[in-house]
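Here is the structure we will look at.
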2 protein chains.
Amino acid sequence: MYVVHETCTLYGCQVTGDRLTKATVAECALRLADAEGVEAVTIRRLAKEQGVTPMALYWHFKNKDELLLGIVDHALATVRADPAAGDPWQKRLRTVFEAVVAVMREHPSLPTLLHAVDKTQTESFSRATNDTLALLSDAGFTVEEGYWIATHLLNAAMGLVAGEPGWCPPGMASEDAAEWRRQKRLRMSLLPADRFPMMIEYAASVGDVPDVDRYYAFCVDLIIAGVEAMAASR
Amino acid sequence: MYVVHETCTLYGCQVTGDRLTKATVAECALRLADAEGVEAVTIRRLAKEQGVTPMALYWHFKNKDELLLGIVDHALATVRADPAAGDPWQKRLRTVFEAVVAVMREHPSLPTLLHAVDKTQTESFSRATNDTLALLSDAGFTVEEGYWIATHLLNAAMGLVAGEPGWCPPGMASEDAAEWRRQKRLRMSLLPADRFPMMIEYAASVGDVPDVDRYYAFCVDLIIAGVEAMAASR
DNA sequence: ACCTGAACACCGTTCAAGT
DNA sequence: ACCTGAACACCGTTCAAGT
């Protein structure tokens with residue numbers, strides 16, 4: 001089931017007439033990923049967007065993995081959560097966590113991209129983890145525990161955004177999106193009622209427009225609460 | 001950088017001489033994914049393993065997405081956590097969560113597979129979510145909150161196993177694995193000391209053989225603690 | 001019902017060559 | 001230094017045909 005790409009949606013990166021740079025390619029790729037999904041980011045497609053031959057990209061990136069790494073680093077570089085140093089660690093942790101969630105909400109392809117690369121190779125990951133580690137050290141955790149927690153928090157943020165209620169495939173028109181959600185809810189309510197009563201009850205409880213704010217508020221609390229509880233228990 | 005596959009490691013699924021079935025294909029694919037990574041699971045490779053033409057698989061699965069769905073459902077079907085109904089919800093939640101973590105540890109490709117498919121289409125997901133929802137209802141959560149929590153727990157389990165300390169690429173010999181970990185730790189300790197002091201401290205604190213049991217014990221507590229804290233706060 | 005053969009539109013990547 | 005052209009080994013998938 002292939003879609004033959006005759007037309008080529010341009011993400012406004014080649015109009016500058018400039019030569020390619022790591023930054024412009026990463027920016028273009030990020031837009032493409034957000035708009036059409038990470039699977040749309042291929043070397044060949046990206047080259048087409050930039051008005052260039054596929055092999056041109058190999059001058060700037062060693063291979064596709066490096067390209068993806070470049071996108072992640074580019075996107076994460078914008079995260080700047082400098083909480084007031086005087087605040088208690090709980091508040092600072094929440095601030096940095098919310099900042100990470102915020103970038104991912106701006107760039108919905110980020111969770112998938114982060115799964116596809118070895119994040120430890122990016123500078124932004126090192127920075128964020130280092131800062132979080134310092135913070136968690138104030139909370140009384142060992143570095144090892146802190147690293148486990150920091151990893152868990154990043155992963156939780158990724159899952160949080162990827163699992164946002166009402167999510168639908170990238171590049172879908174908003175009318176179609178509503179219908180898509182309706183279909184999904186309907187399919188769930190068609191499950192065998194004797195074996196999946198709670199699923200059906202859930203499907204019935206879901207409104208037409210999901211309450212995204214309540215979702216994030218609740219889940220952020222849930223995730224932070226775990227860390228606070230662990231800190232309290234030592 | 002392609003590896004030309006001249007030899008073909010067989011995963012012992014075609015020796016039966018039987019015809020293909022969904023179950024045997026899924027089983028073979030799961031073994032392959034666990035041994036060589038999810039990216040090794042291609043229609044063509046799988047066909048070769050089964051001693052059959054690629055198109056033969058299309059009789060049993062509509063397309064690759066359905067095949068991946070089949071693998072996930074096959075793997076998750078083995079999860080059977082029937083906790084004593086009399087136990088408090090905290091204990092039952094922990095039991096089911098640990099059961100999910102256990103299957104993923106047995107099948108390290110599962111987290112990646114679960115990311116690649118729409119889990120809501122599998123029966124095993126519906127069953128697990130339904131049971132967890134009932135449990136969380138006992139804890140005083142609404143169905144909506146319960147669904148958010150259940151989703152978060154599944155995601156956390158995936159991240160937990162995928163982020164296991166000492167993890168290394170599938171199919172790596174254990175001597176190479178030790179060297180691989182050493183290299184990783186070394187790279188981290190080579191970060192600029194002024195900007196990433198905590199990362200360096202962490203790298204120094206990591207032993208040669210990671211304490212996997214402590215990792216899982218701590219992280220399971222961390223994740224469960226979040227749910228308990230939220231339940232207590234209403 | 002179950003599987004094969006040949007073909008098509010994609011992929012990432014290498015290597016030699018152009019400016 | 002930066003990019004192109006042609007080629008190679010892969011991919012998923014369709015469609016007609018075989019038993």
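Every chain is numbered from 1 and lettered A, B, ... according to where its sequence line falls, protein lines coming before strand lines. Treat the numbers as computed from the prediction; the structure is a model and nothing was measured.
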Distance check needed: [N] [atom2] versus [X] [atom1], whole Å only.
X: A:Ile43; N: C:dT13; atom1: CD1; atom2: P; result: 6 Å
X: A:Asn63; N: C:dC15; atom1: CG; atom2: C1'; result: 16 Å
X: A:Lys62; N: D:dC2; atom1: NZ; atom2: P; result: 19 Å
X: A:Leu67; N: C:dG12; atom1: CG; atom2: P; result: 9 Å
X: B:Arg19; N: D:dT19; atom1: CZ; atom2: C1'; result: 12 Å
X: A:Leu46; N: C:dC10; atom1: CG; atom2: C1'; result: 16 Å
X: A:Gln50; N: D:dC3; atom1: CD; atom2: P; result: 10 Å
X: B:Leu20; N: C:dA1; atom1: CG; atom2: C1'; result: 13 Å

- Those stems involving DNA chain C that have three or more consecutive Watson-Crick or G-U pairs, both distances under 3.5 Å, are C:4-8 with D:12-16, C:12-16 with D:4-8
- Query: In terms of side-chain geometry, is the basic nitrogen of A:Arg45 or A:Glu49 positioned less than 4.0 Å from the acidic oxygen of its partner?
  - Reply: yes
- Task: Start with the C-alpha gap between B:Ser109 and B:Thr112, add the side-chain angles, then the distance that decides, and say whether side-chain hydrogen bond (donor to acceptor under 3.5 Å, both in side chains) holds.
- Result: CA-CA 6 Å; B:Ser109 67; B:Thr112 309; over 6 Å; no
- Nucleotide of C:dG12, C:dC2, C:dA7 approaching B:Arg44 most closely (side-chain heavy atoms): C:dA7
- Task: Could you walk me through whether B:Ser126 and B:Thr129 pass side-chain hydrogen bond (donor to acceptor under 3.5 Å, both in side chains), step by step?
- Result: CA-CA 5 Å; B:Ser126 296; B:Thr129 306; over 6 Å; no
- Message: So which atom in A:Leu154 and which in A:Lys119 form the shortest heavy-atom distance, rounded to 0.1 Å?
- Response: CD2-CD, 3.7 Å
- Item | Least distance between heavy atoms, B:Leu191 atom then B:Ile200 atom | O-CD1, 3.3 Å
- Parallel, tilted or perpendicular for A:His115 and B:His115, by the 30°/60° rule? tilted
- Please work out whether the ring planes of A:Trp148 and B:Phe218 are parallel, tilted or perpendicular, with thresholds of 30° and 60°. tilted
- For DNA chain C, determine which residues of residues 52-60 of chain A have any heavy atom closer than 4.0 angstrom to one of its atoms, and list them numerically. A:Met55, A:Tyr58
- Task: With B:Arg105 as the cation and B:Tyr216 as the aromatic partner, state whether NZ or CZ is under 6.0 Å from the six-membered ring centre and within 45° of the axis.
- Result: yes
- Query: Does any donor atom in the side chain of B:Gln121 or B:Asp118 lie under 3.5 Å from an acceptor atom in the other side chain?
  - Reply: yes
